[in-house]
Amino acid sequence: MRIVPMADVVVPEVQYSQFRKGGIQLTRILEGEMGSPSNYVFDLARFERYYTPRHTHNYEQVRYCLKGEYPVTMSKVIPQGWISYHPEGTYYGPQDVDTTLAEGPAVLTVQCGGPSGQGFRTGRQTREAIAAMVAEGKGRFEDGAYITIGDDGTERVQDGYEAMWEATNGRPLVYPPQKYDDIILMNPEAFAWVPRADEPGVDERILGAFGEGQIRIGFYRLAPGATHTFPTRPVPTVLWSQSGTVEIDGQQFPPETSVALDGGDAALAVTAVDEAVLYFVELPVPVGAMAAVG
């Protein structure tokens, strides 16, 4: 288990992507085990004139828009306070965040290995692979794509992330089948709080559990003095105290504290000092054959 108050998190400079257009500020809060099929990152993302073409991934994402509106296609946004689930294999975009860092959206983002078992690459792994491709000089990254020129002089345009993944792993990226026709947008305020019979003073707001990996997204609301226990799971659970002071193992933590429960960790009891709301994502269980994750 790891506990990270937001005050302890280092906010980085904006990074300008070599395989996407524009800049992104990814404030890393939590991360998993590199190379594991359940590897993940939990970031606070802000954007500087950021653009991606229409694309898909071989991993999963959950995005919680805390501020502003976050575009997911040219005609669809995640409104402030809403959450999106991006299943592996499901296309979205183009995305055009045409704002400055100060004006743009702030999005809590979980990116993690999905049920196919192909895992998730960290930002450091991605940057190192792209730098090697650029140094090799066989193509160029432009507006989210990787462009090479064939022997006949024609250009081949490929998604930048896909090209990087294939260069690293030495084989074509085979995306998981698309199980959903679109990403799923959820308005938490439209879901009822349901009292838990086994935990007095605890209400739950479950937004959904999806697919064969059963990624599960929701909230718990704890009355002052009430306790919720997060169970032991074979894969990680990420939680974030949206409001209220909580107590864990006899120590108090302020709002916007994040907690990582790794796979196999003991059950975790969280007690509210004053009324508290906890946001959580239970990562999916990999059920497919593990592919190399680079």
Side-chain angles (χ1 to χ4, degrees), residues 2-36 38-52 55 57-72 77-78 80-88 92-93 95 97 99-102 104-114 119-130 144 160-161 164 183 215 217 235-242 255-262 278-284 293:
R2 284 157 290 145
I3 303 175
V4 182
M6 200 64 187
D8 295 346
V9 176
V10 177
V11 179
E13 297 293 326
V14 176
Q15 293 182 351
Y16 290 87
S17 175
Q18 290 178 296
F19 73 97
R20 296 288 185 235
K21 183 179 180 180
I24 185 168
Q25 182 189 66
L26 286 176
T27 301
R28 179 63 41 82
I29 304 171
L30 296 168
E31 59 186 337
E33 180 185 351
M34 191 181 299
S36 163
S38 293
N39 188 29
Y40 71 91
V41 292
F42 182 46
D43 295 315
L44 177 62
R46 294 178 181 271
F47 307 88
E48 180 79 30
R49 308 292 183 191
Y50 190 71
Y51 175 86
T52 74
H55 65 288
H57 294 292
N58 61 339
Y59 57 85
E60 308 226 302
Q61 301 179 89
V62 179
R63 300 182 182 272
Y64 184 6
C65 188
L66 302 181
K67 170 184 172 288
E69 293 184 337
Y70 178 61
V72 285
V77 300
I78 309 173
Q80 183 170 311
W82 286 47
I83 293 172
S84 66
Y85 166 51
H86 301 238
E88 58 179 10
Y92 65 101
Q95 297 175 273
V97 187
T99 61
T100 65
L101 193 72
V107 184
L108 273 181
T109 303
V110 175
Q111 297 178 298
C112 60
F120 170 75
R121 297 180 60 90
T122 66
R124 180 173 65 79
Q125 288 175 294
T126 298
R127 288 190 297 273
E128 289 174 353
I130 290 172
Y161 180 88
M164 176 279 304
I183 66 171
I215 186 170
I217 306 160
V235 295
T237 297
V238 173
L239 63 108
W240 179 68
S241 61
Q242 177 169 295
E256 299 190 354
T257 292
S258 301
V259 182
L261 279 178
D262 295 322
L278 307 176
Y279 165 62
F280 73 90
V281 179
E282 294 180 353
L283 272 56
V293 296

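Throughout, numbering of the chain's residues begins at 1 and tracks the sequence. Model, not experiment: these values are computed from the prediction.
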**Student:** Is there a side-chain contact between Val62 and Tyr279 (heavy atoms, below 4.5 Å)?
**Tutor:** yes

**Student:** To the nearest 0.5 angstrom, please state how far the CG atom of Leu26 sits from the CZ atom of Arg46.
**Tutor:** 12.0 Å

**Student:** Could you pull out the closest heavy-atom pair between Tyr40 and Cys112, with the gap in Å?
**Tutor:** CB-CB, 3.7 Å

**Student:** Specify whether Phe47 and Tyr50 have parallel, tilted or perpendicular ring planes, treating 30° as the upper limit for parallel and 60° as the lower limit for perpendicular.
**Tutor:** tilted

**Student:** Verify, without hydrogens or angle tests, whether Glu48 (side chain) and Leu101 (backbone) share a donor-acceptor contact under 3.5 angstrom.
**Tutor:** yes

**Student:** Heavy-atom distance under 4.5 Å between the side chains of Leu108 and Ile29, does that happen here?
**Tutor:** yes

**Student:** Hey, does the side chain of Lys67 reach the backbone of Gly104 with a donor-acceptor pair shorter than 3.5 angstrom?
**Tutor:** yes

**Student:** Does CD in Glu33 sit with more than 12 non-hydrogen atoms of other residues, nucleotides or ligands closer than 6.0 Å?
**Tutor:** no

**Student:** Using only atom types and a distance under 3.5 Å, with no angle test, would you say the side chain of Gln80 pairs donor to acceptor with the backbone of Cys65?
**Tutor:** no

**Student:** Working to the nearest 0.5 angstrom, can you tell me the gap between Ile183 CD1 and Arg63 CZ?
**Tutor:** 8.5 Å

**Student:** Any side-chain to backbone donor/acceptor pair from Arg2 onto Glu31? Under 3.5 Å, distance only.
**Tutor:** yes

**Student:** Minimum heavy-atom separation for Ala45 and Thr109, please, with both atom names.
**Tutor:** CB-OG1, 4.1 Å

**Student:** Could you pull out the closest heavy-atom pair between Val235 and Ser38, with the gap in Å?
**Tutor:** CG1-OG, 3.3 Å

**Student:** Indicate yes or no for a side-chain donor-acceptor contact from Glu60 to the backbone of Glu88 under 3.5 Å, with no hydrogens or angles considered.
**Tutor:** yes

**Student:** Run the numbers on Tyr92 and His86 for ring pair (Phe, Tyr, Trp, His ring centres under 6.0 Å), then give the verdict.
**Tutor:** CA-CA 8 Å; Tyr92 65 101; His86 301 238; 4.6 Å; yes

**Student:** Among residues at least two apart in sequence or on other chains, which ones pass ring-ring contact (aromatic ring centres under 6.0 Å, His included) with Tyr51?
**Tutor:** none

**Student:** Taking the side chain from Thr257 and the backbone from Ser241, do they hold a donor-acceptor pair closer than 3.5 Å?
**Tutor:** no

**Student:** Backbone N or O of Gly119 within a donor-acceptor pair of the Asn39 side chain at under 3.5 Å?
**Tutor:** no

